[in-house]
Amino acid sequence: MKIRRIQPQDRPGLKTLLHAQSHFRPEEIRVALELIDIALAQPGEEDYMILCAEGGDGTVQGYICFGKAPLTEAVYDIYWIVVHPAYWGQGTGSSLLRQAEDEMARRQARLLLIETSSTFPYDLARAFYGKHGYREQARVLDYYRPEDHKIIYGKKLR
Ligand SMILES: CC(C)(COP(=O)(O)OP(=O)(O)OC[C@H]1O[C@@H](n2cnc3c(N)ncnc32)[C@H](O)[C@@H]1OP(=O)(O)O)[C@@H](O)C(=O)NCCC(=O)NCCS
């Protein structure tokens, strides 16, 4: 498996892997695809950068999308990290996150933020962030829906 920048031919595979996430709602998939299209249209831009994990057979197993938070001094948002369920728990997400963190560190990132839901389908994602040193910074109650809180995780790089 190798981690590399997104290429235009990745789009169909990325769409497939988003649809394979049974807990993603249609509007979440739509927004994720919009960011993929922006990243493809503006390669090298700081706003939305995407790294893909490619298996030995050329399949895209997962991706991470991140970018500089506008109007901040060196804060970066990680917008999405998604691995196809067929490859969960095999280290793909960790490789993507580590490589993205290296890239953000090269850009002098000071603080990394990730937002996620408090609900059950995101238990594994929250455990994953905790394992990688992200700590809860804030919680907005009933943000996505009643009883579905937004949790903001952060990790200081410097
Ligand atoms: C969160 C996610 C990206 C992690 O990717 P991954 O490739 O499974 O993660 P890794 O194999 O590198 O790391 C596994 C660790 O993450 C957690 N984890 C996440 N999903 C897991 C799974 N299905 N099985 C086992 N562990 C899982 C555990 O803490 C595990 O730690 P451990 O190995 O010490 O037990 C992946 O589960 C995923 O795509 N989830 C659905 C998409 C999603 O909800 N993304 C978050 C949007 S905010």
Side-chain angles (χ1 to χ4, degrees), residues 1-6 10-39 47-70 72 75-105 109 111-157:
M1 193 254 301
K2 70 174 177 193
I3 309 293
R4 55 156 178 79
R5 287 198 179 210
I6 190 172
D10 294 325
R11 195 182 190 280
L14 292 173
K15 191 174 177 185
T16 302
L17 86 83
L18 285 166
H19 281 279
Q21 310 291 322
S22 55
H23 58 298
F24 280 5
R25 286 175 285 125
E27 74 246 49
E28 289 174 307
I29 295 176
R30 186 179 53 73
V31 171
L33 284 170
E34 275 175 18
L35 296 194
I36 287 169
D37 288 335
I38 292 172
D47 295 352
Y48 301 104
M49 180 172 170
I50 292 183
L51 298 176
C52 294
E54 182 186 311
D57 61 356
T59 312
V60 181
Q61 299 179 349
Y63 80 99
I64 185 166
C65 175
F66 57 95
K68 185 170 173 300
T72 67
V75 176
Y76 277 69
D77 284 318
I78 298 173
Y79 296 108
W80 299 91
I81 176 164
V82 185
V83 171
H84 192 288
Y87 304 102
W88 283 357
Q90 296 174 26
T92 306
S94 297
S95 299
L96 281 166
L97 185 57
R98 275 195 292 266
Q99 198 117 335
E101 287 179 350
D102 287 350
E103 177 65 33
M104 291 184 274
L111 174 66
L112 312 184
L113 296 176
I114 308 180
E115 296 177 0
T116 196
S117 156
S118 63
T119 57
F120 161 74
Y122 293 90
D123 286 359
L124 287 170
R126 293 195 307 277
F128 174 83
Y129 301 146
K131 190 181 135 177
H132 285 278
Y134 291 78
R135 300 289 171 254
E136 184 171 330
Q137 307 290 311
R139 183 176 283 241
V140 185
L141 298 179
D142 302 319
Y143 178 79
Y144 296 108
R145 279 176 301 278
E147 300 300 323
D148 185 351
H149 317 312
K150 171 159 87 173
I151 307 179
I152 304 171
Y153 289 90
K155 179 173 175 175
K156 278 193 178 147
L157 287 193

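Counting starts at 1 for both ligands and their atoms, in listed order.
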Asks: With no hydrogens and no angle check, is any side-chain donor or acceptor of Lys155 less than 3.5 Å from a backbone partner on His132?
Replies: yes

Asks: Can you give me the closest heavy-atom contact between Tyr134 and Glu101, atom names plus distance?
Replies: OH-OE2, 2.6 Å

Asks: With the threshold set strictly below 4.0 angstrom, can you tell me whether any protein non-hydrogen atom sits that near atom 15 (C) of ligand 1?
Replies: yes

Asks: Just to confirm my output: which protein heavy-atom neighbour is closest to atom 1 (C) of ligand 1, and how far is it?
Replies: Ala125 CA, 3.8 Å

Asks: Using a 4.0 Å cutoff against the non-hydrogen atoms of Thr116, which atoms of ligand 1 qualify?
Replies: 48 (S)

Asks: Gln137 side chain to Arg135 main-chain N or O, any donor-acceptor pair under 3.5 Å?
Replies: yes

Asks: Ignoring hydrogens and geometry, is there a side-chain-to-backbone donor-acceptor pair from Thr92 to Trp88 under 3.5 Å?
Replies: no

Asks: Where is the nearest protein heavy atom to atom 11 (O) of ligand 1: which residue, which atom, and how far?
Replies: Gly91 N, 2.7 Å

Asks: The test is side chain to side chain contact (heavy atoms under 4.5 Å, CB included); show your working for Val60 and Arg4 and say whether it passes.
Replies: CA-CA 10 Å; Val60 181; Arg4 55 156 178 79; 4.2 Å; yes

Asks: Suppose I only count heavy atoms of Tyr122 and a 4.0 Å limit; which atoms of ligand 1 are within that range?
Replies: 44 (O)

Asks: Please check if the side chain of Asp142 supplies one atom and the backbone of Glu147 the other of a donor-acceptor pair under 3.5 Å.
Replies: yes

Asks: So which heavy atom in the protein is nearest atom 7 (O) of ligand 1, and how far is it from that ligand atom?
Replies: Gly93 N, 2.7 Å

Asks: Can you list the atoms of ligand 1 that are under 4.0 Å from a heavy atom of Ala127?
Replies: 29 (O)

Asks: Check each heavy atom of Tyr129 against ligand 1 and say whether those closer than 4.0 Å belong to the side chain, the backbone, both or neither.
Replies: side chain

Asks: Taking Arg126 for the side chain and Thr119 for the main chain, is one N or O donor matched with an acceptor at less than 3.5 Å?
Replies: yes

Asks: Determine if the distance from atom 46 (C) of ligand 1 to the closest protein heavy atom is below 4.0 Å.
Replies: yes

Asks: Closest by any non-hydrogen atom to atom 34 (O) of ligand 1: pick that one out of Lys131, His132, Gln21.
Replies: Lys131

Asks: Take every heavy atom of His23, measure it against each atom of ligand 1, and state whether any distance is under 4.0 Å.
Replies: yes

Asks: List ligand 1 atoms under 4.0 Å from Ser94, heavy atoms only on the residue side.
Replies: 10 (P), 12 (O), 13 (O)

Asks: If I compare all heavy atoms of His23 with all of Pro121, which pair ends up nearest, and what's the gap?
Replies: CB-CB, 3.5 Å

Asks: Checking Gln21 side chain against Val83 main chain: does a donor-acceptor pair fall under 3.5 Å?
Replies: yes

Asks: Just which atoms of ligand 1 are under 4.0 Å from any heavy atom in Thr92?
Replies: 7 (O), 12 (O)

Asks: Among Leu124, Leu97, Ile151, which residue places a heavy atom closest to atom 17 (C) of ligand 1?
Replies: Leu124

Asks: So which heavy atom in the protein is nearest atom 4 (C) of ligand 1, and how far is it from that ligand atom?
Replies: Phe128 CD1, 3.6 Å

Asks: Please give me the minimum heavy-atom distance between Gly62 and Leu96, naming the atom from each residue.
Replies: C-CD1, 3.7 Å

Asks: Non-hydrogen atoms of Trp80 versus ligand 1: any pair closer than 4.0 Å?
Replies: no

Asks: Output the list of atoms in ligand 1 that are nearer than 4.0 Å to some heavy atom of Val82, sorted by atom number.
Replies: 39 (O)

Asks: Can you tell me which residue and heavy atom of the protein come closest to atom 39 (O) of ligand 1, and the distance to 0.1 Å?
Replies: Val83 N, 2.8 Å

